[in-house]
Structures are given as structure tokens and as C-alpha cells.
**Q** 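What follows is a structure written as C-alpha cells; I'll ask about it next.
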Amino acid sequence: MPLLSQSEFKRLSQSASDYSASIYLPTHAAGPEIQQDPIRLKNLLGEAETKLLEAGMNKRGVQQLLQPGLDLLEDDTFWRHQSQGLALFMTADGMALYRLPLAFESLVVVGDRFHLKPLLPLFSSDRYFYLLALSQNQVRLFQATRYHISEVELERVPTSLAEALRYDDPQAQLQFHNVSGSGSVPTYHGHGAGTDDNKENIQRFLRTVNEGLHPYLNQENAPLVIASVDYLQPIYREVNTYPHLLAEGIAGNPDVANPDDLREAAWEKVAALLDESHQQAMVHYNNLKSTDQATDRLPDLLPAACRGQVDVLFTKANAHCWGQFDFNSGQLQQHDQPQPHDQDLLDLAAVQTFLQGGTVYVLDEEAMPTSTPVAAVYRYTLAT
């Protein structure tokens, strides 16, 4: 199952319903603990039922809403193919589920929108990235994180130089030959770009690849890492239009490499980028925390996040602040325990920051720059 993309996250954030249930549970990929995972889900579905009834939904509607989740309980095949965490998003219109390499706390939230803060590490500290494994014989796109990699099924992207030129210029087929002994794999003459004609054909091929990837990447800001032999990388960079292509790729023939080895090599480059960005954000906050350009007060930063004022937000993992917020009036209510129709105000601040182009870091308590569960740096300050 592919990872959650940024565009899918945005769709989830816009899937408003009077009764929306978000369920998170830790899962296991192997071992005897697998047998306990459906039991945990059953308990969480029971908790969701109670909360939906308390929110005013009738019993028949609750049963229909939860039925897709109940159907999973007896699906042995489903439970044998898990990652670290399972997220289910349920409304009367259906269910979306994601098996993710994130260690969730067990959590059920019912409200008029989905609870999405636990997913945000996919876009920061544990963020996903794309890996383009590129050769003249094969084109593959992977979506990956530190511990997980899955291939994206591509359409309208040439799978090889031969295919690209076959449709672009039938005469180009005269320049191909079969690898000795294989009888089937078309390979372009020469080990490198070779002549100007060869480079031009390769450039046309890579330009077609770049254009074909546009539907998959046009709403993304995830890093893209190239894995290819050395001579292809500068040619691809010439035709690339994706703004988040990393400057350094992985050298070597990806056709003979294990995808997990490619993932590990790519993660080293992505992790260095993420760590640098995180450290810069922390320094920036500490430099501004005594000014009106930063705050760790939720009543101040929540309305700022909703109007797109927050540039960077730090929030504590597995922390919750229940209450209600009316953006039009600015009225904020906070409760020690969740009340009917409450929402997690930390989730609201984090999701609104992310949707409006800000960066969100979901951190362990010891990594937070403040003793409060949330802190923010503003893009701008309002005139007083």
C-alpha cells in the first residue's frame, strides 16, 4: 500500500462531515503480537461507537459508519501485511485506511473533521521522499521513508529509452540492439552518453520521463533523489522541472540494486537535509522567542495558524488540548477532558499551519523548545 501523500492529506483535511471518526492503533509486521492487533481495533471501534452516540448520531447510522472497520477484524490476510501503525478515517460515505511506518498511540477522535496531527511526521522528521531509479532500460519511481519503500505504479511514463524513442521517432529503433544472450532487453549503444546524437536521444527520453512524472509530483514538496549511473544524472537535471530534486543523487546501476539498499542510501541524503532544516528552525525560534514574532501560548498562535500567519510550529507528540474555537469571533474554550463536540486544538493548529504552507515538527517532550505543548514562529506580525 502506498504511503499517504501530501495531496491525499489535503483531501482528508477537506473531507468534512458532522460525524467523522479517526482511529489510530499501533500494529505489528511480524510475530505473535499480530494476533492482538484486530482485538485492539475491535476495542477502538467500540470506543468510537460510544463517542458517536454521545455526539448525537443514531445507532443505525453508527453501525453503518463503523461496518467497514468491523469487516477488517476477520480478514487474516489484511493483518499479515501491516507496518508500524494503522490509521482509519470513517464517515457515512466510506472509509480510508493507511498502513504507515509510524508508531501511533491508540487513539479515537470523533468530530466534524478528521484528526490528522499524528500523520504530520510523514512531512517532517519521519518524512517520506521519492526515489527515481533511472536507467536506459528501466524507469521506476518509489515512495519511501527511513524504514519503508514501495513502488509507485506509473502510467504514461516511458519504461525505457527504447519505448520513449519508439513512439517519438520510429527510425530510432535502428540504433538499438539486444544484449548478447538475453534476446529481449533493448539497450542503447554505448555505456555513456557517447555522441551528440546519443546524448540528444537520451535527453529526449529523460524529458519525456520528467513530463510523465508531473501528475505524480505536481502537488508535492517531498524530496526527490535520483539513483542512476553517473552520466545520466547531469542530463536529467538539465530537463528536470521538479523543484525539490536533491542536488546529490545515488551513483550506480539501480537495475541491479535491492530497493531497500537504494532506500537506505537515499535516506542518508534526505536525513541530512531534514536535520539541517530542523536545527535552523530551532535556532530561529530561540532567537525570536522573546519577541512578538514567536509565541508558545496556544490562545495566541491558534488564530494565527488559522489565518496563515504561522511559518513554523512545534508541537508535542501524543499531547492533546481539548476545547472549541470559533475563528470568526476568536472565542476559545479549553477543557481538561474532551466534551461532546470538542476538538483537539493542537491538531487544529498543526493542520492549519501545514495546509497553509507552514512547517510542522511533531516532537518528543525532551525535544520541544519550550515546556508548553506547542510553540510557533510567525511569518509576520499584525499591526497593533
**Q** Would you check if the side chain of Arg99 reaches a backbone N or O of His81 as a donor-acceptor pair within less than 3.5 Å?
**A** yes

**Q** Is the count of non-hydrogen atoms from other residues, nucleotides or ligands lying under 6.0 Å from Glu365 atom CD greater than 12?
**A** no

**Q** Heavy-atom count check: over 12 atoms from other residues, nucleotides or ligands less than 6.0 Å from Gln333 CD?
**A** yes

**Q** Just do the side-chain contact (heavy atoms from CB on, under 4.5 Å) check on Val109 and Tyr24 with the steps written out, would you?
**A** CA-CA 9 Å; Val109 178; Tyr24 294 88; over 6 Å; no

**Q** Just wondering, more than 12 heavy atoms not from Glu366 lying within 6.0 Å of its CD?
**A**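 More than 12 heavy atoms, drawn from other residues, nucleotides or ligands, come within 6.0 Å of this atom.
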
**Q** Taking Thr372's backbone N and O only, do any of them form a donor-acceptor pair with Asp296's side chain (distance below 3.5 Å, no angle check)?
**A**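 No, because the side chain of Asp296 does not come within donor-acceptor range (under 3.5 Å) of the backbone of Thr372.
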
**Q** Does CD in Glu153 sit with more than 12 non-hydrogen atoms of other residues, nucleotides or ligands closer than 6.0 Å?
**A** no

**Q** Strictly distance-based, threshold 3.5 Å: is any side-chain N or O of Arg127 a donor or acceptor partner for the main-chain N or O of Thr145?
**A**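 Checked: no pair found.
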
**Q** Are Asn210 and Thr241 linked by a side-chain donor-acceptor pair shorter than 3.5 Å?
**A**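 Yes, because at least one side-chain N or O of Asn210 sits under 3.5 Å from a partner of the opposite role on Thr241.
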
**Q** Any side-chain donor-acceptor pair under 3.5 Å between Glu47 and Asn43?
**A** no

**Q** Going from OH on Tyr242 to CG on Leu217, what distance comes out if it is rounded to the nearest 0.5 angstrom?
**A** 5.5 Å

**Q** Counting N and O atoms only, with roles assigned by atom type, does the side chain of Gln309 sit under 3.5 Å from a partner on the main chain of Arg379, one being a donor and the other an acceptor?
**A** no

**Q** Hey, what do you get for CZ (Arg140) to OG1 (Thr159), rounding to the nearest 0.5 Å?
**A** 12.0 Å

**Q** Indicate, with yes or no, if Tyr147 and Leu102 share a hydrophobic cluster defined by side-chain heavy-atom contacts under 4.5 Å among Ile, Leu, Val, Met, Phe, Trp and Tyr.
**A** no

**Q** Do the side chain of Ser83 and the main chain of Thr27 share a donor and acceptor less than 3.5 angstrom apart?
**A**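 No.
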
**Q** Establish, from distance only, whether the side-chain atoms of Glu220 and Tyr128 form a donor-acceptor pair under 3.5 Å.
**A**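 There is such a pair (donor and acceptor under 3.5 Å, judged by atom type) between the side chains of Glu220 and Tyr128.
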
**Q** Taking everything shown except Glu155 itself, do over 12 heavy atoms lie less than 6.0 Å from its CD?
**A** no

**Q** I'd like to know if the side chain of Asp311 and the backbone of Val377 have a donor-acceptor N/O pair within less than 3.5 Å.
**A**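 Not confirmed, Asp311 side chain does not pair with Val377 backbone.
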
**Q** Using 30° and 60° as the class limits, which term best fits the ring planes of Trp322 and His320: parallel, tilted or perpendicular?
**A** parallel

**Q** Is Phe354 linked to Phe89 within one hydrophobic cluster, defined over Ile, Leu, Val, Met, Phe, Trp and Tyr using a side-chain heavy-atom separation of less than 4.5 Å?
**A** yes

**Q** Indicate if Leu288 and Tyr378 have the same hydrophobic cluster label, given that clusters are the connected sets of ILVMFWY residues with side-chain heavy-atom separations under 4.5 angstrom.
**A**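 Cluster IDs for Leu288 and Tyr378 differ.
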
**Q** Does the side chain of Ser160 pick up a donor-acceptor pair with the side chain of Glu163 at under 3.5 Å?
**A**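 There is no such pair between these side chains.
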
**Q** Count the heavy atoms belonging to other residues, nucleotides or ligands that lie under 6.0 Å from CG of Asp336, then report whether that count exceeds 12.
**A**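 Incorrect, the count does not exceed 12.
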
**Q** Checking Arg237 side chain against Ala247 main chain: does a donor-acceptor pair fall under 3.5 Å?
**A** yes

**Q** Just wondering, do Leu88 and Leu72 contact through their side chains at under 4.5 Å, heavy atoms?
**A** yes

**Q** Ignoring hydrogens and geometry, is there a side-chain-to-backbone donor-acceptor pair from Gln138 to Ser135 under 3.5 Å?
**A**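 No.
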
**Q** Step by step, work out the side-chain contact (heavy atoms from CB on, under 4.5 Å) result for Tyr130 and Leu213.
**A** CA-CA 11 Å; Tyr130 287 100; Leu213 293 178; over 6 Å; no

**Q** Answer yes or no: is there a donor N or O on one side and an acceptor on the other, between the side chain of Tyr19 and the main chain of Val62, under 3.5 Å?
**A** no

**Q** Which other residues belong to the hydrophobic cluster containing Phe142, where Ile, Leu, Val, Met, Phe, Trp and Tyr are joined when side-chain heavy atoms lie under 4.5 Å apart, directly or via other members?
**A** Phe129, Leu131, Ile149, Val225, Leu246, Ile250, Leu262, Trp267, Val270, Leu273, Leu274

**Q** Hydrophobic clusters here meaning ILVMFWY residues chained together by side-chain heavy-atom distances under 4.5 Å, can you tell me if Leu25 and Val108 are in one?
**A** yes

**Q** Give, for atom CG of Leu302 and atom CZ of Arg297, the distance between the pair rounded to the nearest 0.5 Å.
**A**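 Output value for this atom pair is 11.5 Å.
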
**Q** Calculate, to the nearest 0.5 Å, the distance between atoms CD and OG1 belonging to Gln280 and Thr359 respectively.
**A**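 Result: 11.0 Å between the selected atoms.
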
**Q** Please answer: with hydrophobic residues joined when any side-chain heavy atoms are less than 4.5 Å apart, are Met282 and Phe123 in the same cluster?
**A** no

**Q** Quick one: does Gln339's side chain have a donor or acceptor within less than 3.5 Å of a partner on Gln337's backbone?
**A** yes

**Q** Cut-off 3.5 Å, side chains only: do Tyr361 and Ser277 have a donor facing an acceptor?
**A**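 There is such a pair (donor and acceptor under 3.5 Å, judged by atom type) between the side chains of Tyr361 and Ser277.
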
**Q** Begin from the C-alpha positions of Leu345 and Leu332 and carry the test side-chain contact (heavy atoms from CB on, under 4.5 Å) through to its verdict.
**A** CA-CA 9 Å; Leu345 301 175; Leu332 174 67; 3.4 Å; yes

**Q** For a 4.5 angstrom cut-off between non-hydrogen side-chain atoms, does Tyr98 reach Leu119?
**A** no

**Q** Tell me whether the rings of Phe314 and His278 are parallel (<30°), tilted (30 to 60°) or perpendicular (>60°).
**A** tilted

**Q** Given the rule in the side-chain contact (heavy atoms from CB on, under 4.5 Å) test, do Gln143 and His148 qualify, once you have shown the distances and angles that lead to the verdict?
**A** CA-CA 8 Å; Gln143 190 185 43; His148 173 92; over 6 Å; no

**Q** Could you tell me the separation between the CG atom of Leu120 and the CG atom of Asp347, rounded to the nearest 0.5 Å?
**A** 7.5 Å

**Q** Would you compute the distance between atom CG of Asp18 and atom OG of Ser20 and round it to the nearest 0.5 angstrom?
**A** 8.0 Å

